[in-house]
Amino acid sequence: EDGAALLRRERGDLPLPKRAAPSSAPRPRAPSSPLPRPQQRQQQPPIPGAMAALGAATSSFLNGAALAGCGGAHATRVTRSPLVIEAAHKKGAGSTKNGRDSNAQRLGVKIYGDQPCIAGNIIVRQHGSTFHAGDNVGTGKDYTLFAKADGLVHFAEKRGRKFVSVKPMPEYVPPAPGTRRARKYAAYPPRAQLRAAEAGEEASAR
C-alpha cells in the first residue's frame, strides 16, 4: 500500500477488509432476538514502526490528498442518493388547443358596381360597417347590405366612408337606324319583346 493509504489506515479511516465469501455448508440458525445489536467497529492493530516511518516519509502531495479525502479521523461519511432522471409529465405546448375549425362565413361583396340587381338581393356580407348603406339600400342586424329597389349597384366614398347605393336602371335608347347595332337588334329582338308579341297574338285569337 502507498503512504496515503497507510496514513488513513493508521488514523482508522479506512473500512475493514472484506470478509471471505461464505461456504456452501448450511449455517446454523441463531436464536431469534427482539432487536439485534449493531456490531461495533474493531480497532486495527498498531502498525509497526517501519510502516509508520514509511507513511511519514511520503510526499506532502500524498498527505494532503489523504487528509482532504478522509476529512480527518472524526469526519462523517456523506452518503449520496442515486441519480433520478425525471421526464416531462405535460404535453407539448399547443397540442391540446388544436383539433377544431369553424365554418366559413362567406363574407364579401356579392354584387359589384354597375351590375343589375332586384329588390331583396344581398349586395355585401360583412362583419361591422365596412360599407355603409346609401340610397335604396338597407342594413340587416348582422350588417348585411341588401337592395330595396331594382337598379344598378353603385359604390362611392364620402368623407372617408364607403357607401353602397342602388340607382334606377337607365332608360333604353334604341340604336340609330342603319347601324350594325340596329341590324343586330332587328335580327335578334329581346326575349321580353317576343313574349309580349306572343301574348298579344293569343289575346287577339281568343
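Note that the structure is predicted; figures quoted are calculated from it, not measured.
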*Asks:* Can you tell me how far the CZ atom of Phe146 sits from the CG atom of Asn121, to the nearest 0.5 Å?
*Replies:*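 Those atoms lie 11.5 Å apart.
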*Asks:* For Ser165, which residues count as a side chain to side chain donor-acceptor pair (under 3.5 Å) partner, sequence neighbours excluded?
*Replies:*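 Ser165 satisfies side chain to side chain donor-acceptor pair (under 3.5 Å) with no residue once adjacent residues are dropped.
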*Asks:* Listed by chain and number, what are the side-chain contact (heavy atoms from CB on, under 4.5 Å) partners of Arg106, not counting sequence neighbours?
*Replies:*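 side-chain contact (heavy atoms from CB on, under 4.5 Å) check on Arg106 returns Ala104, Lys110.
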*Asks:* About how many Å separate CG of Leu152 and CG of Asn136, when rounded to the nearest 0.5 Å?
*Replies:*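 So the gap between those two atoms works out to 11.5 Å.
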*Asks:* Hydrophobic clusters here meaning ILVMFWY residues chained together by side-chain heavy-atom distances under 4.5 Å, can you tell me if Tyr112 and Val137 are in one?
*Replies:*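 The answer is yes; both residues are in one hydrophobic cluster.
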*Asks:* Return the orientation label for the Phe155 and Phe131 ring planes: parallel under 30°, perpendicular over 60°, tilted otherwise.
*Replies:*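 The rings of Phe155 and Phe131 stand perpendicular, inter-plane angle above 60°.
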*Asks:* Give every residue pair that meets the side chain to side chain donor-acceptor pair (under 3.5 Å) criterion with at least one member in residues 183-200, sequence neighbours excluded.
*Replies:*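 Residue pairs passing side chain to side chain donor-acceptor pair (under 3.5 Å), neighbours aside: Tyr185-Gln193.
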*Asks:* Quick test of your reading: applying salt bridge (Lys or Arg N to Asp or Glu O under 4.0 Å), list the pairs with at least one residue in residues 129-138, sequence neighbours left out, ordered by first then second residue.
*Replies:*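 Every pair satisfying salt bridge (Lys or Arg N to Asp or Glu O under 4.0 Å) with a residue in residues 129-138: there are none.
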*Asks:* Please say yes or no: joined through hydrophobic side-chain contacts below 4.5 Å, possibly via intermediate residues, are Val153 and Phe163 part of one cluster?
*Replies:*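 Different clusters: Val153 never reaches Phe163 through Ile, Leu, Val, Met, Phe, Trp or Tyr contacts under 4.5 Å.
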*Asks:* How long is the gap from CD1 on Ile111 to CG on Leu145, to the nearest 0.5 Å?
*Replies:*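 So the CD1 of Ile111 and the CG of Leu145 are separated by 11.0 Å.
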*Asks:* Applying side chain to side chain donor-acceptor pair (under 3.5 Å), which residue pairs with at least one partner in residues 143-156 are found, sequence neighbours left out?
*Replies:*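 Found Arg125-Thr144, Asp142-Thr144.
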*Asks:* When rounded to the nearest 0.5 angstrom, what is the spacing between CZ in Arg159 and NE2 in His132?
*Replies:*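 Reported value, rounded in 0.5 Å steps: 12.0 Å.
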*Asks:* Taking side-chain contact (heavy atoms from CB on, under 4.5 Å) as the test, write out the residues that go with Ala182, two or more places apart.
*Replies:*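 Ala182 satisfies side-chain contact (heavy atoms from CB on, under 4.5 Å) with Pro175, Thr179 once adjacent residues are dropped.
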*Asks:* Do you know the tightest heavy-atom contact between Val166 and Ala149?
*Replies:*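 That would be CG1-O, 3.5 Å.
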